[in-house]
Amino acid sequence: MRTQTWTTWLLAITTALMLAACGGGGGGSSGAGTPTTSGTGGGGGSGGSGDGSGGSAASKTYVMQLGLTAGQVAVGGTLPITATVVDGNGNDVTISTQFTWSSSDSGIATVSNASVPGSANVRGTGIGVATISVVATVTAADGAVTQLPLQSASVTVLAAGATTYNLALPYPALSMTHGQMLPVTASLIDSHGADRSAAGTGWTWNSNGAAVQITSVGNVGTLSAFNTASTVAQALVSVSVTAPNGGALSGMFPVSVVAAGVASYRLVLSQGGAQINAISVLNGRPQSFASRVIRNDETDTTSAFDGLWTFTTTSPTLAVQPNASTRITTIGTSLPNGADAYQSVLSVSAGSLTLTPRPRASLFVTEQPTWALIYNGPQPLTLVNPIPATVAVQVVHRGIDEGIMQCAGWSWTAGTGNIVLLPVLFAPNAIQIQPSAPGPFSVTVTCTAGAEAVPLSMTIAGTVM
């Protein structure tokens, strides 16, 4: 694996190094500065104490959590898995941690370090269930070393070519402020790159601590933060679901809650104005997403994060091109057309020259999805009322145009009331859009592709003038 890291300012690198030397905070930390001792340790028995070497290190605690606790991969396939470590103050210290990975049975699955901090790649080698374990060792700024208890994930390996499913979560770690309510979306992504969240059953969300309470509907959990103390409170949030093939999947992430009046920050990755946790990209057809830092009061504070931003991927074929001015990132793949889909994790973190927090977010990336819809028209689409326009999409198989007959059950729906959709004779992959009033509009097309019955969906957005 290779690491791809880009810096926005040379000054930011120097400052980041100075902050690291002073024990500066990591992703998901609060805006309370960098205390010298930790608050209450994390739940689930995953907290570790200092080595007793003196000073603040003796009282520092940590929480390690595997993002994936139960997943799937096919024989010959690769599954990315990540671990995150936060200290008792909510600072993400994953980058200061050494991880040692192991597999209970290399005949079923092997595991090797990947380039995103705390990440590994699990490769299926034989049908069965293997336990993937990790031991983390944290080195503090003063040199104190803390070894955290072993954590494990269950990985089910299916036959080569079988459709597998895994969870995508937007945050490796999250920081919240007392009284804050925040919806978090988990996505069920299959090995073809399709979002199968609606096909998952038994979605369940839980918190292991009073600092976070959860209400949920399906794959969306609304987190409510509680902390009336001056120290940071922590909880582990878990989500589980049963995949369409009957497999049980689960994931977890740590949440740190600061007191009322203390700012917390999160990094939101979005496409078309909607937050995303997964994305697919085809060779020759790059995708873009926006990165924004949002404060707990929902204020966009991206401009305050003018320091070191990093973009790191576990994939050897994913190219990442961030724009420091717009915070728009473009990704592309060199995986050739016709190749099997490859799935990886893209980690993004935002740094500031003046603020301690370094929020982090993740994208579950599918390169060369087995089936995909593509649209070659202008984006966004501009229409002049009342002149109609016809749009069409294509079906591609691993990047190769396969023609519209490979998709069944074509359906077009209007997302807004200022347009009317009219069918195009003998062209189910096309629709005529009749505008009726000014304003933004959207059109969504769906179909089911190939023998794998992969559900495809694409939304075309535009404006009526």
Side-chain angles (χ1 to χ4, degrees), residues 6 8 25-31 67 82 84 86 90 92 94 116 167-177 179-187 189 195 197 205 212 214 216 219-225 237 239 251 253-258 262-281 287-313 320-331 345-352 355-365 459 461:
W6 293 262
T8 56
S29 59
S30 73
T82 60
T84 298
V86 297
D92 189 334
T94 306
V116 171
L167 283 174
L169 298 170
Y171 308 109
L174 181 62
S175 181
M176 299 180 67
T177 300
Q180 183 181 1
M181 295 182 65
L182 182 67
V184 176
T185 300
S187 295
I189 308 297
D195 188 329
S197 301
W205 293 75
V212 178
I214 305 175
S216 63
N219 65 318
V220 180
T222 299
L223 281 54
S224 298
V237 171
V239 57
F253 58 96
V255 180
S256 300
V257 180
V258 297
V262 179
S264 59
Y265 302 84
R266 68 187 189 274
L267 180 59
V268 175
L269 308 182
S270 63
Q271 191 176 54
Q275 185 173 1
I276 57 174
N277 54 29
I279 194 170
S280 294
V281 60
Q287 292 269 20
S288 297
F289 63 87
S291 301
R292 296 288 181 265
V293 181
I294 307 298
R295 201 166 57 202
N296 58 286
D297 60 0
E298 298 305 307
T299 299
D300 187 330
T301 57
T302 308
S303 60
F305 285 79
D306 52 358
L308 178 68
W309 286 58
T310 63
F311 299 79
T312 314
T313 173
V320 185
Q321 295 179 319
N323 186 311
S325 299
T326 64
R327 296 302 177 196
I328 300 296
T329 302
T330 301
I331 61 173
V345 169
L346 172 62
S347 177
V348 183
S349 66
S352 170
L355 298 173
T356 297
R358 191 173 179 81
R360 190 157 60 101
S362 294
L363 279 180
F364 189 82
V365 182
T459 296

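Along the sequence shown, residues carry numbers from 1.
Residues Ala173 and Val86 come closest through the heavy atom pair CB-CG1, 3.9 Å. A pairwise comparison of heavy atoms in Leu269 and Phe289 identifies CD2-CE1, 4.0 Å as the closest pair. Contact record, Arg327 with Arg292: CB-NH1, 3.2 Å, taken as the closest heavy-atom pair. Between Val320 and Pro322, the shortest heavy-atom distance links the atoms O-CD, 3.6 Å. Closest heavy-atom contact between Asn296 and Gln180: CB-OE1, 3.3 Å. Taking all atoms of both residues into account, the shortest heavy-atom contact from Pro172 to Arg360 is CD-O, 3.6 Å.
Checking side-chain atoms of Thr301 against main-chain N and O of Val293 turns up a donor-acceptor pair under 3.5 Å. A donor-acceptor pair under 3.5 Å links the side-chain atoms of Ser352 to the main chain of Ala304, judged by distance alone. In this structure, Thr329 contributes its side chain and Gln321 its backbone to no donor-acceptor pair below 3.5 Å. In terms of modelled atom types and a separation under 3.5 Å, the side chain of Asn277 and the main chain of Thr185 share a donor-acceptor contact.
For Ala186, the side-chain contact (heavy atoms from CB on, under 4.5 Å) test picks out Leu169, Trp203, Trp205, Val239, with sequence neighbours left out. Partners of Thr177 by side chain to side chain donor-acceptor pair (under 3.5 Å), not counting sequence neighbours, listed by chain and number: Ser264. In this structure, the side chain to side chain donor-acceptor pair (under 3.5 Å) partners of Ser288, at least two apart in sequence or on a different chain, are Thr330.
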(Q) As a quick check of understanding, evaluate side-chain contact (heavy atoms from CB on, under 4.5 Å) for Asp195 and Ile189, giving each step before the final call. (A) CA-CA 5 Å; Asp195 188 329; Ile189 308 297; 4.1 Å; yes

Q | Test side-chain hydrogen bond (donor to acceptor under 3.5 Å, both in side chains) applied to Thr310 and Ser349, step by step | A | CA-CA 5 Å; Thr310 63; Ser349 66; 2.5 Å; yes

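Asp300 has its side chain within reach of Ile294: a pair of non-hydrogen atoms, C-beta onward, lies under 4.5 Å apart.
Atoms CG and OG1, on Leu267 and Thr302 in that order, are 8.0 Å from each other to the nearest 0.5 Å. To the nearest 0.5 Å, the span separating CD1 on Ile279 from OG on Ser187 amounts to 12.0 Å. The structure places OG of Ser347 at 9.5 Å from CG of Leu363, a figure rounded to the nearest 0.5 Å. Atom CE of Met176 and atom CG of Leu223 lie 5.5 Å apart (nearest 0.5 Å). Interatomic distance, OG of Ser256 versus CG of Leu174, reported as 8.5 Å (0.5 Å rounding).
Donor-acceptor pairing under 3.5 Å is lacking for the side chains of Thr84 and Thr94.
Relative orientation of the Phe305 and Tyr265 rings is perpendicular, given thresholds of 30° and 60° on the angle between their planes.
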